[in-house]
Amino acid sequence: MTIKNLVTAPIAGQKPGTSGLRKKTAVFQSPHFLENYVQSIFDGIGGVAGKRFVIGGDGRFFNRQAIDVILRMAAANGVAECIVGRDGLLSTPAASHLIRLNGTNGGLILSASHNPGGPNADFGLKFNGANGGPASEAVTEEIYACTQNIEAYKILEAPTVDLSVEATTTLGDMTVTVIDPVSDYAELMESLFDFDAIRAMFEGGFRMVFDSMLAVTGPYAKEIFETRLGAKHGTVINGEPSHDFGGGHPDPNPIWARELMAIMQSDTPPDFGAASDGDGDRNMITGPHRYVSPSDSLAILADLAHLAPAYKGGLAGVARSMPTSCAVDRVAAAKGMESFETPTGWKFFGNLLDAGRVTLCGEESAGTGSDHVREKDGLWAVLLWLNIFAATGKSMDQILADHYATYGRTYYSRHDFEAVETENANALMDALRAKLPDLAGQEVNGLRVQAADEFAYDDPVDGSRSERQGLRILFEGGARAIFRLSGTDTEGATLRVYLERLETAKNKLKADPQKALANVIASAETLAEIKAHTGRAAPDVIT
Ligand code: G16
């Protein structure tokens, strides 16, 4: 086996986005693209000689081949050990747990999350640090700088390692340990929640459907829900991971999780329905004839987490990304907890979790998690809901009604305009940004603007500052319209418009969110002139 030092040159477009580097699969497959980025990760984190890493992905097309390249490059760069999920599979939260459990120097996670997979779809790669969390902005900047100056990469000429068998082998001087992707994670879940109470609830006839969307959580969900918790066989649907997710988007929202939504809208819906995404870090929560917005789910979990053994002592604090609704802030205020507003991206929660300032955090983009790992965690959120059902004996309807009665209801919706010409999307943001200083006091579609700004975040733990994190228009009475361009898309630009309004009148807590938000939606259009800039009459996706 020989180590090759191959000459290369910088390739444009290797700047990590909200969550690592996401591109069309064909781009990742193009000559030197993957190799350049992997070498830049290795160099950007200060070299990898003697270090240990966890490696795994969501099983999408190109997962296995990319892992082969990463392993041979790791061996050539002097890595001591790579711990790899069998068949190259690891959910993102399981990878985060394995990094922490094994005390490795970090991990490489191969996923484009909820984006579609396949030769004509998307692929992604990100680096997580020794705390198990996505690399900080400072680290991704280092990696990006390396991509711009790269001249060569190292790779071992060697046969492909067999990842189908759990075994310890060597690749050059590097140890490769292939492990069961599920068991350590399942043990962690069992240590956090009251599995006996949840099992008893299933025995008593509680019915759930969990949609794995043909993505990575299938084997995890079957082991945890059906085997360990005794939910009946068939509780997990679409539980066989597929390299292209059956041609769909493994995105747990009412649009893409259509099969689950149809079951929950049927005449005899189960008590609880949930779904997770391509790499298992997102969750969607539903009840009979009910979709629970991720922001409401976060607020309810923050309110009731103490019912699960892991959180019985209460929470240190909570954090949400800026566009996530303010519902969780009211829970934090009522309980006297600290609450934080961070930019979009799980990496911004890492310091707060590491410092013990927060226990729970979440995002409007269907991510919820706690300090048990440093990623959002779809199955964890579902288990916390199950623990709450088991501890309270209440239905989803009762839990929501109680929450809204206590805290009011934040009507919430996100409107996405996808694959917009990048130039047009930037022009919209620039025009709105220019208007911000004059908006306070103006009345727009019946709402008075209280304040308008561009969000910037000063990390309270390390003092770093992140600017240009979204345009915020705050209206009197607690309504908000937020504008951001996505950092995870692979085609043109995706404009995200986040809309919310607080309702406290007891007789107005059951409206359709789109109707309840009508004047916030109209104000967003008036202020940003979305139709004129994008040429779109309506959003592509409403969640
Ligand atoms: C990633 C990030 C999340 C973020 C989401 C959407 O999630 O980890 O923190 O909220 O993207 O980001 P954007 O609005 O920039 O597209 P995932 O599940 O895609 O890894």
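Read the numbers this way: they start at 1 and go in the same order the structure lists the ligands and their atoms. Counting from 1, the numbers follow the sequence of the chain as shown. When reading the values below, keep in mind they use all heavy atoms of this one structure, side chains included, and skip hydrogens, waters and symmetry mates. All values reported here derive from a predicted model rather than from experimental measurement.
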Open item on the list: For L474 and D453: C-alpha separation, side-chain torsions, deciding distance, then whether side-chain contact (heavy atoms from CB on, under 4.5 Å) applies.
Closed with: CA-CA 9 Å; L474 318 178; D453 66 5; 5.7 Å; no
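Side-chain contact annotation: S91 with Y185, donor-acceptor N/O pair under 3.5 Å absent. With 3.5 Å as the limit, one finds no donor-acceptor pair spanning the side chains of S325 and E364. A donor and an acceptor atom, one from each side chain of T490 and R22, are nowhere located under 3.5 Å apart. Counted by atom type alone, D303 and Y407 present one or more donor-acceptor pairs between their side chains at under 3.5 Å. Residues T324 and S321 bring a donor and an acceptor atom of their side chains to less than 3.5 Å of each other.
Residue contacts with ligand 1, taken as heavy atom pairs separated by less than 4.0 Å, involve T488 via backbone and side-chain atoms alike. When heavy-atom distances to ligand 1 are checked against a 4.0 Å cut-off, S19 comes that close only through its side chain, counted from C-beta outward. Under 4.0 angstrom from ligand 1, there are no non-hydrogen atoms of D489.
Considering only non-hydrogen protein atoms, atom 10 (O) of ligand 1 sits nearest to S365 OG, 2.7 Å. Looking from atom 1 (C) of ligand 1 to the surrounding protein, the closest heavy atom is K376 NZ, 3.8 Å. Atom 17 (P) of ligand 1 has as its closest protein heavy atom S113 OG, 3.1 Å.
On a distance-only criterion, R414 and ligand 1 share no N/O pair closer than 3.5 Å. Note: no N/O pair closer than 3.5 Å links E364 and ligand 1 by distance alone. On a distance-only criterion, D279 and ligand 1 share no N/O pair closer than 3.5 Å.
The residue from E363, R22, R282 that puts a heavy atom closest to atom 5 (C) of ligand 1 is R282.
If you number the atoms of ligand 1 from 1 as listed, the ones under 4.0 Å from a heavy atom of G345 come out as 9 (O). Atom numbering of ligand 1 starts at 1 in the shown order; those under 4.0 Å from a heavy atom of G487 are 13 (P), 15 (O), 16 (O). Ligand 1 places these atoms under 4.0 Å from at least one heavy atom of T344: 4 (C), 10 (O), 12 (O). Distances below 4.0 Å separate heavy atoms of R484 from the following atoms of ligand 1: 13 (P), 14 (O), 15 (O). Every atom of ligand 1 is numbered from 1 in the order shown, and the set under 4.0 Å from a heavy atom of R496 is 13 (P), 14 (O), 16 (O). Listed by number with element, the atoms of ligand 1 under 4.0 Å from a non-hydrogen atom of H114 are 19 (O).
Within the structure, the closest approach of E375 to ligand 1 does not fall below 4.0 Å when heavy atoms are considered. In this structure, K347 falls outside the shell of residues with a heavy atom less than 4.0 angstrom from ligand 1. Between S321 and ligand 1 there is no heavy-atom distance shorter than 4.0 Å.
Salt bridge E491/K23: absent, no basic N to carboxylate O contact under 4.0 Å. The existence of a salt bridge linking D122 and R60 is excluded, since no basic side-chain nitrogen approaches an acidic carboxylate oxygen closer than 4.0 Å. Remark: E454 does not engage R472 in a salt bridge, criterion side-chain N to carboxylate O under 4.0 Å.
For N424, the side-chain hydrogen bond (donor to acceptor under 3.5 Å, both in side chains) criterion is met by no residue, not counting sequence neighbours. Among residues two or more places apart in sequence or in another chain, the ring-ring contact (aromatic ring centres under 6.0 Å, His included) test is passed with F33 by F28.
Across I300, N283, T368, L304, a single residue satisfies side chain to side chain contact (heavy atoms under 4.5 Å, CB included) together with W385, and that is I300.
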